[in-house]
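Structure record follows, encoded as structure tokens.
In this text, all values refer to a predicted model and were calculated from it rather than measured experimentally. Note that these values count all heavy atoms, side chains included, but never hydrogens, waters or copies made by symmetry.
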Amino acid sequence: MSIKELQDVTGTVIHPRTETVAIVDADKLVNTTSTQNNIAGIKNFVDGISIKGVPLLDIDFNKVKLVPNDDVYQIKQAGLYFYTTNTKNVPLLSSRFHDGFVLYGAKDTKTAFLYYIGARVYQERFQGKWLRQESSIPQDLWVGEGKVGDVLKLRDTLDNYRQLRFRCYFTIGNTLQFIPAWASDNMLYLTQPALNFDGTILRALEVALQIGQDQRSLIIKSAKYFANGKSTSITDGFLKEVGGML
């Protein structure tokens, strides 16, 4: 066979214009003992390939991994992992995310990230140190039905959160919304001014909460609804959730 022709097993030229560079000892290029690098094309000799000492056939690329040593800070290999309520160094998450998935990626041993899917909490390792966890949605600190006089026991201290969110519903105003809070002298004040549906009436919700000395409780001191220049006290259980943004 000419080295300039591509032929089939019968010796018939397959394509006269196709040129091939024939290597006489090509059988020595790929075998069971030589080092094989940068060989393009489809390969079926996977039995001899390993990644970091693990045979390729033993790796399940579609399998979600368990967190090594039940500690997210012990993850070393990029991939998708499953954490549980017992996993160490997981941030305080809403109850629906107590068990879930976390994505880990790394540039090297000093630069990496963790991203908790669903809870949307992100944490970065910079210069070998894990930085503050940050979230794009609030994590539940308290869930229930709070009214004036109630003491709300929180799942964590307020100092760990850069912003709080409150979900309120009350029969007088019939509203359901998150309300930012501002603090003064160990008090939190929730104010939510709004117009009615046709824009003719200005109405507002005003709630005062006292922060406990341990930073893990809130006392609902007062709750009022303002509309048409009148103030009405809210007596039903209007507060449904307290959330914190990491």
Open item on the list: Does Lys230 have more than 12 heavy atoms from other residues, nucleotides or ligands lying within 6.0 Å of its NZ?
Closed with: no
Task: Ring-face cation contact, Tyr169 with Lys240, 6.0 Å cut, 45° max - done: no
TODO: Given side chain to side chain contact (heavy atoms under 4.5 Å, CB included), test Leu218 with Ile211 step by step and report yes or no.
DONE: CA-CA 5 Å; Leu218 292 172; Ile211 302 173; 4.0 Å; yes
Task: Atom of Val72, atom of Val67 and distance for their closest heavy-atom approach - done: N-CG1, 3.6 Å
- [ ] Report the distance from atom CD of Gln74 to atom OH of Tyr81, rounding to the nearest 0.5 Å.
- [x] 11.5 Å
- [ ] Mind checking the NZ-OG1 spacing from Lys224 to Thr191? Nearest 0.5 Å is all I need.
- [x] 14.5 Å
- [ ] Fit a plane to each ring of Tyr122 and Tyr115, take the angle between them on a 0 to 90° scale, and name the class: parallel (under 30°), tilted (30 to 60°) or perpendicular (over 60°).
- [x] tilted
Task: Minimum heavy-atom distance Val143-Glu241, with the two atoms named - done: CG2-CG, 4.2 Å
- [ ] Check whether any side-chain heavy atom of Val207 lies under 4.5 Å from a side-chain heavy atom of Ser222, and answer yes or no.
- [x] no
- [ ] Evaluate the side chain to side chain contact (heavy atoms under 4.5 Å, CB included) criterion for residues Gln127 and Lys110: first the C-alpha distance (whole Å), next the side-chain angles of each, then the deciding distance (0.1 Å), finally the verdict.
- [x] CA-CA 5 Å; Gln127 296 181 346; Lys110 294 185 177 181; 5.6 Å; no
Open item on the list: Using only atom types and a distance under 3.5 Å, with no angle test, would you say the side chain of Asp71 pairs donor to acceptor with the backbone of Tyr73?
Closed with: yes
Open item on the list: Is there a side-chain contact between Leu158 and Leu164 in this structure, where contact means two heavy atoms from C-beta onward sitting under 4.5 Å apart?
Closed with: yes
Task: Validation row: Ile220, Leu239 side chains within 4.5 angstrom (heavy atoms) - done: yes
Open item on the list: For the CG atom of Leu154 and the OG atom of Ser217, what is their distance to the nearest 0.5 Å?
Closed with: 6.5 Å
Task: Gln133 side chain vs Leu246 backbone, donor-acceptor pair below 3.5 Å - done: no
- [ ] To the nearest 0.5 angstrom, please state how far the CD atom of Glu134 sits from the CZ atom of Arg132.
- [x] 7.5 Å
Open item on the list: Please report the interatomic distance CG(Asn86) to OG1(Thr84), rounded to the nearest 0.5 Å.
Closed with: 4.5 Å
- [ ] Measure across Lys153 and Trp142 and return the closest heavy-atom pair with its distance rounded to 0.1 Å.
- [x] O-CD1, 3.5 Å
Open item on the list: Has Gln139 got a side-chain atom pairing as donor or acceptor with Ala119's backbone, closer than 3.5 angstrom?
Closed with: yes
Open item on the list: Is there a continuous path of hydrophobic side-chain contacts, each under 4.5 Å between heavy atoms, that joins Ile219 to Phe166?
Closed with: no
TODO: Tell me, yes or no, whether the heavy-atom count around Lys65 atom NZ, taken from other residues, nucleotides or ligands under 6.0 Å, exceeds 12.
DONE: yes
- [ ] Kindly indicate whether the side chain of Arg96, heavy atoms from C-beta on, has any atom under 4.5 Å from the side chain of Asp140.
- [x] yes
Task: Distance-minimising heavy-atom pair for Gly237 and Lys147 - done: CA-CB, 3.9 Å
Task: Leu209 reachable from Phe226 in the ILVMFWY side-chain graph, under 4.5 Å edges - done: no
Open item on the list: Do Leu205 and Leu190 have side chains that approach each other closer than 4.5 Å (heavy atoms only, starting at C-beta)?
Closed with: no
TODO: Taking all non-hydrogen atoms of both residues into account, name the closest pair between Ser94 and Pro138 and its distance.
DONE: OG-O, 3.9 Å
Open item on the list: Any non-hydrogen side-chain atom of Ile117 less than 4.5 Å from a side-chain atom of Val102?
Closed with: no
Open item on the list: What I want to check is whether the side chains of Thr87 and Asp70 have a donor and an acceptor closer together than 3.5 Å.
Closed with: yes
TODO: Starting from the C-alpha separation in whole Å, work towards a yes-or-no answer on side chain to side chain contact (heavy atoms under 4.5 Å, CB included) for Phe113 and Gln123.
DONE: CA-CA 6 Å; Phe113 74 89; Gln123 187 176 21; over 6 Å; no
Open item on the list: Quick check on ring-ring contact (aromatic ring centres under 6.0 Å, His included): which of Phe101, Tyr104, Tyr116 does Tyr83 satisfy it with?
Closed with: Tyr116
- [ ] Write down the atom of Arg120, the atom of Ile137, and the distance for their closest heavy-atom approach.
- [x] NH1-CG2, 3.6 Å
Open item on the list: Do Val121 and Leu114 make a side-chain contact, defined as non-hydrogen atoms from C-beta onward lying under 4.5 Å apart?
Closed with: no
Task: Those residues that, when tested against Asp156, pass side chain to side chain contact (heavy atoms under 4.5 Å, CB included) (two or more places apart) - done: Leu92, Leu141, Asn160, Tyr161, Arg216
- [ ] Find out whether Phe82 and Asp99 are in side-chain contact, i.e. whether some heavy atom of one side chain is under 4.5 Å from a heavy atom of the other.
- [x] yes
TODO: Quick one: pull up OG1 in Thr232 and OH in Tyr225 and give me the separation to the nearest 0.5 Å.
DONE: 8.0 Å
